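Lettering follows sequence order; numbering is per chain, from 1. All of these numbers come straight from a predicted model, not from anything done at the bench.
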Amino acid sequence: MELPYRFDVTATTKQIRDEHSLLAEGTSSGETVTVAGRLMLRRSQGKVAFGVLQDTTGRIQLFAPAKVTPEYDSFINLNIGDWVGVSGEVMKTKRGELSVKVQQWTVLASAHRPFPDKWHGITDPETRYRQRYVDLWVTEDTRETFLMRSNMLSLTRRWLESKDFLEVETPVFHPIPGGALARPFSTHHNALDTELYLRVAPELYLKRLIVGGFEKVFEIARVFRNEGISSRHNPEFTMLELYQAYADWNDIMELAENLIEHLAIELTGTAVIAYDGKEINLTTPWRRTTLLDLIEEHAGLKISLETPLDELRGICDSLDIEALPAYGSGKLLLEIYEKTVEPNLWDPCFVTEYPLEVSPLSREHREKDGYTERFEAIIAGREILNGFSELVDAEEQQRRFEEQLAQNEAGDEEAMVVDFDYVRALEYGLPPTGGIGIGIDRLIMLLADVQTIRDVILFPTLRPEQPPSEQRNLE
RNA sequence: GCCUCCGUAGCCAAGCCUGGCAAGGCAGCGGACUUUUAAUCCGAAGAUCGUGGGUUCGAAUCCCACCGGAGGUACCA
């Protein structure tokens with residue numbers, strides 16, 4: 001069979017539904033259209049047959065009477081899953097189903113593998129993730145989720161551009177991994193004969209751009225972290241990071257909550273979204289509370305950096321927190337917060353004033369010694385963004401890197417190492433700057449009301465599948 | 001990484017506890033049917049029961065190992 005190299009489509013199924021929904025039952029519109037898509041259902045009744053054609057925008061019925069449809073016998077022998085192009089009049093059947101009469105048709109591609117059950121679809125998660133190309137066709141929720149993800153990125157870009165943010169691209173290969181406390185993937189460049197790391201965050205490069213004079217920048221960055229996989233973690237995921245010169249953490253908190261409220265309203269129609277059977281109110285302004293106040297509120301513990309180390313360790317023991325000997329007061333406070341507070345925050349809350357010890361890139365709090373102007377937003381018990389007034393002092397940054405290095409050498413594989421060039425950039429002068437990283441995957445999980453990150457990543461990381469032929473070769 | 005659960009035809013699955021010829025539906029194949037909506041009806045077919053080993057007269061079923069997946073947990077966003 002000759003398959004065409006191209007095909008002219010004059011209408012999408014959505015355009016047909018939009019333009020002809022008011023057509024009376026049993027009448028024809030007189031308008032001829034050409035549509036294309038995949039045949040999802042087919043029923044033949046002897047001298048008349050019906051099909052359901054699906055394209056990106058939805059579905060439309062095909063109406064094929066034997067005396068109208070050319071090569072009728074071949075038409076009713078199409079396989080479910082075949083791609084077809086159809087031309088004919090838009091009409092509505094006696095039962096009121098808007099249809100395209102099949103007056104001309106052509107096969108655009110044959111499905112040589114059987115398509116999944118038309119009623120049950122596919123439920124096996126492995127098949128859905130490995131063969132997303134099938135899942136997208138047969139599972140409407142999947143299609144809608146990824147359309148929403150695409151829309152969200154588009155809306156985000158437009159919103160930031162309207163505020164004069166510049167979209168930039170920074171390296172994925174980093175000679176020194178930095179910008180987040182995480183284990184990197186490493187790789188090797190042959191010509192340079194050097195070890196390179198896949199970025200765990202674009203942060204340090206973006207701040208170099210502020211030094212370079214781009215005062216508002218953002219990057220929608222795929223980042224890579226060599227950690228476990230769970231319903232909330234994929235080894236590669238997407239972060240929106242943005243930096244704004246002359247801004248502090250308060251400006252950035254306001255920006256972030258406004259962006260997310262805007263996205264919720266545009267994508268779901270309301271700032272009060274449904275998630276996991278409950279409501280989340282994303283209406284701004286969001287609550288802002290310090291980490292220490294939240295610990296007191298949720299655990300009844302009045303503790304701080306002033307609290308003796310032994311006492312903090314005792315609290316960790318009683319909470320079943322594994323506290324390593326190297327942990328200082330700041331790290332212990334963070335652990336206690338994560339255990340007692342984070343899972344219990346539902347509506348959005350900016351958690352503020354993180355200990356300096358666990359925030360190597362954040363600027364010191366302007367009033368409180370030992371704390372930083374850092375915040376995270378927790379929604380539905382999950383951290384979805386992390387930002388701060390950026391540390392601008394080169395000497396202080398050097399000192400913090402060295403502390404990290406000491407921890408790294410003490411065995412903490414997630415600690416940072418010294419990025420000499422980043423310190424050099426700061427020495428040229430970083431103006432007051434606020435910045436933030438937003439977990440795009442987790443945000444779309446909230447807005448699309450899905451419970452696992454794999455449902456918002458088209459091709460989530462899985463153990464590689466061995467094709468049957470390769471299995472033989474390996475033996 | 002650890003714990004628990006799952007794997008039966010292209011898809012959805014029963015059977016497993018309590019061992020004895022591997023149900024049914026969809027898709028595919030043959031036939032009937034000129035307005036269907038998961039169309040319906042008739043017919044024929046389709047399964048190394050994830051893989052390997054063990055127990056047994058006999059294993060989809062019980063035991064062990066491995067492979068793949070899911071949920072939880074740890075680290076992390």
Worksheet item: What nucleic acid atoms does A:Glu383 come within less than 4.0 Å of, heavy atoms only: base, sugar-phosphate, or nothing?
Response: sugar-phosphate

Discussion item. What's A:Asp320 touching, base or sugar-phosphate or nothing? Going by heavy atoms closer than 4.0 Å.
Written reply: nothing

Worksheet item: Which part of the nucleic acid, if any, lies within reach of A:Arg59 when heavy atoms closer than 4.0 Å are counted: base, sugar-phosphate only, or nothing?
Response: nothing

Discussion item. Rounding to an integer number of Å, can you tell me how far A:Glu25 CD sits from B:rU37 C1'?
Written reply: 14 Å

Worksheet item: Looking for any heavy atom pair under 4.0 Å, which part of the strands does A:Tyr129 touch: base, sugar-phosphate only, or nothing?
Response: sugar-phosphate

Worksheet item: Within the structure, does a side-chain N or O atom of A:Arg113 lie under 4.0 Å from either OP1 or OP2 of B:rA27?
Response: no

Discussion item. Between A:Glu236 and A:Arg222, does any side-chain N to carboxylate O distance fall below 4.0 Å?
Written reply: yes

Discussion item. Please determine whether any donor N or O and acceptor N or O are separated by less than 3.5 Å between the side chain of A:Glu97 and the base of B:rU37.
Written reply: yes

Worksheet item: Quantified in whole Å, what is the C1' atom distance between nucleotide B:rC21 and nucleotide B:rC26?
Response: 25 Å

Discussion item. If you compare every side-chain N and O of A:Ser231 against the phosphate oxygens of B:rG72 (OP1, OP2), does one of them come in below 4.0 Å?
Written reply: yes

Worksheet item: Of all heavy-atom pairs between A:Gln103 and A:Gly88, which one has the smallest distance, and what is that distance?
Response: OE1-CA, 3.0 Å

Discussion item. So, does A:Arg232 get its side chain near the phosphate of B:rA74, meaning an N or O under 4.0 Å from OP1 or OP2?
Written reply: no

Worksheet item: Which whole number of Å gives the distance between the P atom of B:rG58 and that of B:rG53?
Response: 15 Å

Item to complete: Report which part of the nucleic acid A:Lys339 touches: base, sugar-phosphate, or nothing (heavy-atom distance under 4.0 Å, all strands).
Response: nothing

Worksheet, complete the sentence: Whichever of A:Ile122 and A:Ile80 has the more 5' nearest nucleotide on RNA chain B, that residue is A:Ile122

Practice prompt. For B:rU55 and B:rC3, measure between their C1' atoms and round to the nearest Å.
Written response: 28 Å

Worksheet item: Hey, does A:Ile438 reach any base, or is it just sugar-phosphate, or nothing, if we go heavy atoms under 4.0 Å?
Response: nothing

Worksheet item: In whole Å, what is the span from the NZ atom of A:Lys47 to the C1' atom of B:rA32?
Response: 10 Å

Discussion item. Check for me whether the distance between the ring centres of A:Trp105 and A:Trp83 falls short of 6.0 Å.
Written reply: no

Fill in: A:Phe350 ring center near A:Trp286 ring center (under 6.0 Å)
yes

Item to complete: Pick base, sugar-phosphate or nothing for A:Pro125, based on heavy-atom distances below 4.0 Å to the nucleic acid.
Response: sugar-phosphate

Worksheet item: Across all strands shown, which nucleotide pairs with B:rG71 by Watson-Crick or G-U wobble geometry, both distances under 3.5 Å?
Response: B:rC3

Discussion item. What is the separation between atom NZ on A:Lys94 and atom P on B:rU37, rounded to the nearest whole Å?
Written reply: 14 Å

Worksheet item: Base, sugar-phosphate alone, or nothing: which one does A:Gly81 contact when heavy atoms must sit under 4.0 Å apart?
Response: nothing

Discussion item. My understanding is that a pair needs two contacts under 3.5 Å, Watson-Crick or G-U wobble. By that rule, which nucleotide pairs with B:rC41?
Written reply: B:rG31

Worksheet item: Looking only at atom P, what distance separates B:rC5 and B:rA65, rounded to whole Å?
Response: 13 Å

Item to complete: Figure out the CD1/C1' separation between A:Ile76 and B:rG28, and round it to whole Å.
Response: 15 Å

Practice prompt. Select base, sugar-phosphate, or nothing to describe what A:Asn386 touches, counting heavy atoms under 4.0 Å on all strands.
Written response: nothing

Worksheet item: When the nearest nucleotide of RNA chain B is assigned to A:Gln61 and to A:Ile229 on a heavy-atom basis, which residue is associated with the more 5' position?
Response: A:Gln61

Item to complete: Remember a base hit wins even if backbone is also touched, and classify A:Arg42 as base, sugar-phosphate or nothing at under 4.0 Å, heavy atoms.
Response: sugar-phosphate

Worksheet item: So, are A:Asp18 and A:Lys14 salt-bridged, with charged N and O less than 4.0 Å apart?
Response: yes

Worksheet item: How are the rings of A:Phe63 and A:Phe50 set to each other: parallel, tilted or perpendicular (split at 30° and 60°)?
Response: tilted

Item to complete: Take atom CG of A:Asn77 and atom C1' of B:rG31, then tell me their distance rounded to the nearest Å.
Response: 13 Å

Item to complete: Quick one: look up who B:rA65 pairs with, Watson-Crick or G-U, both distances under 3.5 Å, and put none if it's unpaired.
Response: B:rU51

Item to complete: Would you indicate what A:Glu376 reaches in the nucleic acid, counting non-hydrogen atoms under 4.0 angstrom: base, sugar-phosphate, or nothing?
Response: nothing

Practice prompt. Working to the nearest 0.5 Å, report the span between CD1 of A:Ile321 and OH of A:Tyr327.
Written response: 10.0 Å

Worksheet item: Taking the P atom of each, how far is B:rU61 from B:rU18, in whole Å?
Response: 14 Å

Worksheet item: How long is the line joining CG of A:Leu462 and C1' of B:rC67, in whole Å?
Response: 15 Å

Worksheet item: Hey, does A:Leu181 reach any base, or is it just sugar-phosphate, or nothing, if we go heavy atoms under 4.0 Å?
Response: sugar-phosphate

